[in-house]
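So you know, we letter chains A, B, ... as the sequences are listed, proteins then strands, and number each from 1.
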Amino acid sequence: MSPEENKPTDFIREAVAEDLKSGRFNYVRTRLPPEPNGYLHIGHAKAFLIDYLIAKEFGGELNLRFDDTNPAKEETEYVEAIKEDARWLGIDWGGREFYASDYFDKLYEWAIALIKKGKAYVDDQTAEQVSKSRGTLTEAGVESPFRNRSVEENLDLLERMKKGEFPDGSRILRARIDMAHPNMVMRDPAMYRIIHEPAHHRTGNKWCIYPLYDWSHGQNDSMEGITHSLCSLEYEIHRPLYEWFLKELGVFQPRQIEFSRLNLTFAMMSKRKLRKLVEMKIVNGWDDPRLTTLRGLRRRGVTPAAILDFIKRIGVAKADSWIDMALLDSCVREDLNKHSLRRMAVLKPLKVVIDNYPEGQAEEMDAINNPEDPGAGARKIPFSKVLYIEQDDFRETPPPKYYRLYPGSEVRLRYAYFIKCTHIVKDANGEIIEVHATYDPATQGGDAPDGRKVKSTIHWVSAAHAKQAEFRMYDRLFTKENPDEGDDFTAFVNPNSLEILSGYVEPHLASAKAGDRFQFERQGYFCADPDSTPDRPVFNLTVGLRDSWAKIEKKQG
RNA sequence: UGGGGCGUGGUGCAACGGCAGCACACCAGACUUUGAAUCUGUGAAUCUUGGUUCGAAUCCAGGCGCCCCAGCCA
């Protein structure tokens, strides 16, 4: 595919191109506006990547700007975490890092200017009174009794609000627009509220009035010379206000364009509910691999490249939509298939004894590291008389279409020998504890000189050489496509979202470092967890391989 | 019954008045030292009614459905 064909087109890119062509703007600058009150999730990744890629495609730049206008909710801890996650995603803001709080002084000046124009006033009503007098969706609001105060009185009161003379909630500064406006956002929206405590994470106790989103965002965009302020659909009705403030102030007007946010099936994207999952200990922290937080995805083993590919594939539009989690899985598999080293790991071990293999003998088998990448080379893996294979790869009585090992069947041990099952040994409870087999020495490496075929190739590890390991098998966190819908999302938590298995890996894996990714052949992609110790590596299931046998088996009932 | 948006296969996105296409999912087959990957193929969609037009997913009008807005959150 040529770069030309690969170029995504969507209504936003079309609008940007058109603005450049018409001369409305002669450069492109976008912005990432996270609020430092929580960790980033894959929904943020969509927004971030749209901002970043569009700026890049049009030769423009990207500003990172923390939207820190509410000290009651925001903390420095999140600022650092957000930067770390954004960098991991591959976003480059070239040192252009700003804060809404950088502009508090200028904003205050502008508030004074609006008061002088008669476009803003201090309202002494309580929050409840303001709310009641706003009207409803179908009825106009009523004007505040304080709406027609003199400019002097408004100026005086705003200054005293700023000085901290009044308690929280006692007064607000409002824009003077139209209490009968059909768009509720335009009914004299609040601009400043009084907040004494806690101290702001950057400005400390300098301020006790803080701007609201509507009174801050557009002005910040304007000051930074943002050309395209891209945001999600819920801000569409705020656009008239965004434009109203800039027009009244007579300053540079960026263009706000809205797109639909990401909804992913079986995932939780609400910051509040994410927090609840963590606080209720339903998951083990913000980086729990079952979460679609960027930290969770990273710990799970998902790559930034897979996320980027995913975001490109889902496109940009305005329709409310739900993306199938299977698409993310597909992107992850595609990337990992190309890049991860193959290893053998037995998750649910079953002992196999090769009766005709000499006791005490061991040999080294050649194994390819990644058939998709010849440059990845090969390795040696030890083979001996006693092995572990996967419990699923043996059946005492095979169902139809079962190609693997069962009494009398012959299979290939990957990169080793053909073996034929002779008999099994059970314990007192009737559980199979050992499978006995004979091997064909002529099939060394896995090829039969007489040309005979086997239906199946299975993986194994040598019991004497294998390393014990823990496997954390993750499944979707919720049992419902949209857990956010309904009274209590915790009712839809999948009780089997984590299964911990104890098994064996080939010796090479003893040295796996946290974050290393592998494909365990015939199983799936795994990522070494930070909980790993030299004695006991821990691997997280990133995503399983496609499993057409599982489908056949399911159909058989 | 205010205002703002959105309706294309199961899901998501294209087609910008001229043969409705791509991806994921699904199903069937080929190949296979991973029942993986890869390859081939099948099925499956324009919310509805009317209008304009030689021709409408696209333009116009009405209807229906869904989403957002009554925070001193963002």
Which whole number of Å gives the distance between the [atom1] atom of [N] and that of [M]?
N: B:A28; M: B:U42; atom1: C1'; result: 7 Å
N: B:G29; M: B:G35; atom1: C1'; result: 15 Å
N: B:G43; M: B:A25; atom1: C1'; result: 13 Å
N: B:U32; M: B:A44; atom1: C1'; result: 30 Å
N: B:C31; M: B:G41; atom1: C1'; result: 15 Å
N: B:C72; M: B:G12; atom1: C1'; result: 39 Å
N: B:A20; M: B:G55; atom1: C1'; result: 15 Å
N: B:C64; M: B:U49; atom1: C1'; result: 10 Å

Next item on the list: For a ring pair (Phe, Tyr, Trp, His ring centres under 6.0 Å) with A:Tyr504, tell me which candidate from A:Tyr388, A:Phe539, A:Phe471 qualifies.
Entry: A:Tyr388
Report yes if a donor N or O on one partner sits less than 3.5 Å from an acceptor N or O on the other, where the partners are the side chain of [X] and the base of [N]; otherwise report no.
X: A:Gln519; N: B:U34; value: yes
X: A:Arg404; N: B:G35; value: yes
X: A:Glu14; N: B:C16; value: yes
X: A:His459; N: B:A36; value: no

Can you find a side chain N or O atom of [X] that sits less than 4.0 Å from OP1 or OP2 on [N]?
X: A:Lys555; N: B:A28; value: yes
X: A:Arg134; N: B:C72; value: yes
X: A:Arg193; N: B:A74; value: yes
X: A:Lys551; N: B:C26; value: yes
X: A:Arg522; N: B:G35; value: yes
X: A:Ser321; N: B:C13; value: yes
X: A:Arg313; N: B:C22; value: no
X: A:Ser131; N: B:G71; value: yes

Just name whichever nucleotide pairs with [N], Watson-Crick or G-U, keeping both distances under 3.5 Å, else none.
N: B:C59; answer: B:G51
N: B:G21; answer: B:C13
N: B:G29; answer: B:C39
N: B:C66; answer: B:G5

Considering every strand and a 4.0 Å limit on heavy-atom distances, what is the contact class for [X]: base, sugar-phosphate, or nothing?
X: A:Ala190; result: sugar-phosphate
X: A:Ile172; result: base
X: A:Lys338; result: nothing
X: A:Ser330; result: sugar-phosphate
X: A:Arg174; result: nothing
X: A:Ser548; result: sugar-phosphate
X: A:Tyr210; result: nothing
X: A:Arg414; result: base
X: A:Thr69; result: sugar-phosphate
X: A:Ile314; result: sugar-phosphate
X: A:Arg342; result: base
X: A:Asp447; result: base
X: A:Lys453; result: nothing
X: A:Glu390; result: nothing

Relative to each other, are the rings of [X] and [Y] parallel, tilted or perpendicular (30° and 60° limits)?
X: A:Phe520; Y: A:Phe526; result: parallel
X: A:Phe66; Y: A:Tyr99; result: parallel
X: A:Tyr235; Y: A:Tyr213; result: tilted

Margin query: Regarding A:Asp309 and A:Arg313, does a basic nitrogen lie under 4.0 Å from an acidic carboxylate oxygen?
Written below: yes
Notebook entry, point to check: Does B:G71 adopt a syn or an anti glycosidic conformation, taking syn as a chi angle within 90° of 0?
Noted result: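 Syn conformation here, the glycosidic angle of B:G71 being no more than 90° from 0.
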Mind calculating the distance between [atom1] ([X]) and [atom2] ([N]) to the nearest angstrom?
X: A:Lys554; N: B:C27; atom1: NZ; atom2: P; answer: 10 Å
X: A:Asn370; N: B:A37; atom1: CG; atom2: C1'; answer: 10 Å
X: A:Glu236; N: B:G5; atom1: CD; atom2: P; answer: 6 Å
X: A:Glu485; N: B:C67; atom1: CD; atom2: C1'; answer: 13 Å
X: A:Phe259; N: B:C68; atom1: CZ; atom2: P; answer: 17 Å
X: A:Glu258; N: B:G5; atom1: CD; atom2: C1'; answer: 9 Å
X: A:Phe11; N: B:G5; atom1: CZ; atom2: P; answer: 12 Å

Next item on the list: Ignoring the backbone of A:His238, work out which of B:G3, B:A74, B:U34 is nearest its side chain.
Entry: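 So the side chain of A:His238 is nearest to B:A74.
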Item checked: A:Met184 side-chain proximity, nearest of B:C13, B:A70, B:G5 ->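 Looking only at side-chain atoms, A:Met184 lies closest to B:A70.
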Notebook entry, point to check: Where each residue is assigned the nucleotide of RNA chain B containing its nearest heavy atom, which of A:Tyr415 and A:Pro182 is assigned the position nearer the 5′ end?
Noted result: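 Upstream on the strand: A:Pro182.
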Margin query: Need to verify one output field. Residue with the more 5' nearest nucleotide on RNA chain B, A:Ile458 or A:His181?
Written below: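 Residue closer to the 5' terminus by nearest nucleotide: A:His181.
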Check: Is there aromatic stacking of A:Tyr403 against B:G35, centre distance under 5.5 Å, plane angle under 30°?
Finding: yes
Notebook entry, point to check: So, A:Tyr213 and B:A74: ring centres less than 5.5 Å apart, planes less than 30° off, yes or no?
Noted result: no
Notebook entry, point to check: Can you name the one residue among A:Thr293, A:Thr292, A:Asn263, A:Asp484 that meets side-chain contact (heavy atoms from CB on, under 4.5 Å) with A:Met269?
Noted result: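 Output: one option passes, namely A:Thr292.
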Check: Does A:Arg187 offer a backbone N or O that forms a donor-acceptor pair with the side chain of A:Asp178 under 3.5 Å?
Finding: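 Not a single qualifying donor-acceptor pair exists.
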Check: Of all heavy-atom pairs between A:Lys401 and A:Ile552, which one has the smallest distance, and what is that distance?
Finding: CB-CG2, 4.4 Å
Notebook entry, point to check: Among pairs that include at least one residue of residues 315-326 of chain A, which meet side chain to side chain donor-acceptor pair (under 3.5 Å), considering only residues two or more places apart or in two chains?
Noted result: A:Glu236-A:Lys318
Note to self: Between A:Phe245 and A:Trp110 (judged by ring centroids, cut-off 6.0 Å), do the two rings come close enough to count as a pair?
What the structure shows: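 Ring centres of A:Trp110 and A:Phe245 not closer than 6.0 Å.
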